[in-house]
Amino acid sequence: MPEGHTIHRAARDHEQDLRGQPVRISSPQGRFDAEAVAGPEGEARLLRVEACGKHLFYFFEGEQIVHVHLGLFGKFKRRRSPAPEPRPTTRMRLEGAKWTIDLVGPTACELLTDEEMGELMARLGPDPLRDDADPAAFYRYTARSRAPIGAILMDQSRIAGVGNVYRAEVLHLEGIHPDTPGSKVPAEKLQALWLLIVGLLRRGVEEKRIVTTRGLTLEKPRERVSRSESFHVYGRKECRSCGGEVVRYMLRARSVYVCEACQPRVEDGEG
DNA sequence: GCGGTATGCCTAA
DNA sequence: TAGGCCTACCGCG
């Protein structure tokens, strides 16, 4: 689940559930220092929640910022308060009057200073889900980069929030081979790619999952659609568009999926 | 019960 | 580039 859409949706949901009220903070697993945030009473008022790329920031009163990064395995569970006993692996529990949010398996769950948060944000490229996102730097870097576009899309310092599923899918939808050097992607194609990412991420936030195929959830109820049917190439054997073979290979230790019929290879030559 | 796998990312070498 | 870390689930026997 955790690409940018998951994080932005969590920010929205958790604000709605917990904002403006005293929140009881705990770490059933014990690996997060809840007391540092909530003090001996174990409670702090949540002011707001912000998402940037795959990072989440909870602002509590007293200038306390809790930074969460789900990594590959992290998950939130939302329960009615009073919630049942948490799983022992629960890193952080946020208990509001109506809702309780459990966090399990994150890569990061830590208290940050304002300055540390600033440093972290400074390392991130534009986030297509944020209103303040400016793709100019992404365009500029890509246009002069020999790195494969498939790697650039996964580089959070170039564009923040795209993960392995969106990468495979947007490149397929734009007919771009992941190995294409950034500089070989035409400017108008690159802009189209950005706009597509904006649109699909937004859709992901609304639907709470990644869907890159048109109208899919209107055709069938969500439970009945297998994951690979929501995609064109990601995790698939045949291309959903042309039925051709989907090739899977490793790029920077991550699987890439490509239909070479729909996404012709571009040589890294002159011009 | 074990091994493999996963929508991520960091560090050492 | 390889290994480590985080957790849950699934297929296999």
Side-chain angles (χ1 to χ4, degrees), chain A residues 1-11 27-33 51-57 66-78 86-93 101-110 112 116 119-125 127-129 147-148 150-173 178 196-197 200-213 216 222-223 225-237 240 246 248-258:
Chain A
M1 300 278 190
E3 296 192 28
H5 68 297
T6 306
I7 307 310
H8 281 259
R9 182 56 186 251
S27 179
Q29 183 192 49
R31 291 187 48 192
F32 169 61
D33 187 1
C52 191
K54 297 171 186 168
H55 299 263
L56 254 184
F57 303 96
V66 174
H67 167 230
V68 169
H69 191 289
L70 293 182
L72 194 48
F73 314 118
K75 278 187 175 57
F76 289 110
K77 283 231 168 69
R78 179 173 180 260
R87 280 176 180 257
T89 52
T90 304
R91 183 78 58 89
M92 176 174 73
R93 169 169 272 197
I101 309 293
D102 283 348
L103 170 64
V104 172
T107 288
C109 177
E110 59 188 354
L112 291 189
E116 288 167 326
E119 288 165 6
L120 202 163
M121 296 279 284
R123 294 202 302 268
L124 296 175
D127 173 352
L129 280 173
I152 296 173
L153 289 181
M154 293 284 279
D155 181 345
Q156 302 300 303
S157 71
R158 301 302 171 187
I159 177 169
V162 174
N164 211 11
V165 177
Y166 280 115
R167 160 175 71 177
E169 294 295 296
V170 299
L171 288 176
H172 179 266
L173 284 162
L196 181 64
I197 292 168
L200 288 180
L201 277 169
R202 283 186 183 159
R203 184 177 180 187
V205 173
E206 295 314 314
E207 300 200 19
K208 289 193 80 165
R209 64 174 197 148
I210 304 174
V211 182
T212 63
T213 48
L216 187 66
R222 171 175 183 166
E223 303 77 37
V225 180
S226 75
R227 193 183 76 179
S228 66
E229 280 178 50
S230 333
F231 309 142
H232 293 92
V233 290
Y234 180 84
R236 292 178 60 90
K237 293 268 196 285
R240 197 174 192 273
V246 170
R248 173 189 173 194
Y249 62 99
M250 301 308 280
L251 175 61
R252 311 270 224 266
R254 306 298 301 281
S255 296
V256 191
Y257 299 86
V258 58

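Below, chain A is the first sequence line, B the second, and so on; all start at residue 1.
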Is the backbone N or O of [Y] less than 3.5 Å from a side-chain atom of [X], with the two atoms forming a donor-acceptor pair by type?
| X | Y | result |
| --- | --- | --- |
| A:Arg93 | A:Asp102 | no |
| A:Arg9 | A:Glu206 | yes |
| A:Asp127 | A:Gly161 | no |

Give, for atom [atom1] of [X] and atom [atom2] of [Y], the distance between the pair rounded to the nearest 0.5 Å.
| X | Y | atom1 | atom2 | value |
| --- | --- | --- | --- | --- |
| A:His5 | A:Leu129 | NE2 | CG | 9.5 Å |
| A:Ile159 | A:Leu153 | CD1 | CG | 6.0 Å |
| A:Arg209 | A:Arg203 | CZ | CZ | 8.5 Å |

Completion exercise
Sorted by chain and residue number, the side-chain contact (heavy atoms from CB on, under 4.5 Å) partners of A:Pro106 (sequence neighbours excluded) come out as A:Arg91, A:Leu103, A:Cys109
Practice task
Report yes if at least one side-chain N or O of A:Tyr166 is closer than 4.0 Å to OP1 or OP2 of B:dT7; otherwise report no.
Solution key: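 Indeed not, no polar side-chain atom of A:Tyr166 lies that close.
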Give me the distances for all protein-to-nucleotides 8-12 of chain B N/O pairs that come in under 3.5 Å?
from	atom 1	to	atom 2	distance (Å)
B:dG8	OP1	A:Lys54	NZ	2.8
B:dG8	OP2	A:Asn164	N	3.3
B:dG8	OP2	A:Arg254	NH1	3.1
B:dG8	OP2	A:Arg254	NH2	2.3
B:dG8	O4'	A:Leu72	N	3.2
B:dC9	OP1	A:His69	NE2	3.2
B:dC9	OP2	A:Lys54	NZ	3.2

Between [N] and [M], how many Å separate the two [atom1] atoms, rounded to a whole number?
| N | M | atom1 | answer |
| --- | --- | --- | --- |
| B:dC9 | C:dC9 | P | 22 Å |
| C:dA8 | B:dC10 | C1' | 22 Å |
| B:dT7 | C:dT1 | C1' | 22 Å |
| B:dA13 | C:dC5 | P | 15 Å |

Practice task
Would you classify A:Arg167 as touching base, sugar-phosphate or nothing, given that sugar-phosphate means primed atoms plus P, OP1 and OP2, and contacts are heavy atoms under 4.0 Å?
Solution key: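 No contact.
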Exercise for the section: Using a heavy-atom cut-off of under 4.0 Å over every strand shown, decide if A:Glu169 touches base, sugar-phosphate, or nothing. Expected result: nothing
Exercise for the section: Please tell me which of A:Arg252 and A:Gly105 maps to the more 5' nucleotide of DNA chain C, matching each residue to the nucleotide holding its nearest heavy atom. Expected result: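 Taking each residue's closest nucleotide, the earlier one in sequence belongs to A:Arg252.
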Find every protein N or O atom lying less than 3.5 Å from an N or O atom of nucleotides 1-5 of chain B, and list the pairs.
none

Completion exercise
Sequence neighbours excluded, the answer for ring pair (Phe, Tyr, Trp, His ring centres under 6.0 Å) partners of A:His67 is A:His55, A:Phe57
Handout entry: Listed partners of A:His8 passing ring pair (Phe, Tyr, Trp, His ring centres under 6.0 Å), at least two apart
Key =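 Testing A:His8 for ring pair (Phe, Tyr, Trp, His ring centres under 6.0 Å), a comparison that skips the adjacent residues, returns none.
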Problem - Any A:Val233 side-chain heavy atom under 4.5 Å of A:Glu169 side chain - result: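 Contact flag for A:Val233/A:Glu169 side chains = yes.
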Exercise for the section: Identify the 5'-most and 3'-most nucleotides of DNA chain C with at least one atom closer than 4.0 Å to a non-hydrogen atom of chain A. Expected result: C:dC6 to C:dA8
Handout entry: Plane angle bin for A:His172 and A:His232 - parallel if under 30°, tilted between 30 and 60°, otherwise perpendicular
Key =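 Because their plane-to-plane angle is under 30°, the rings of A:His232 and A:His172 count as parallel.
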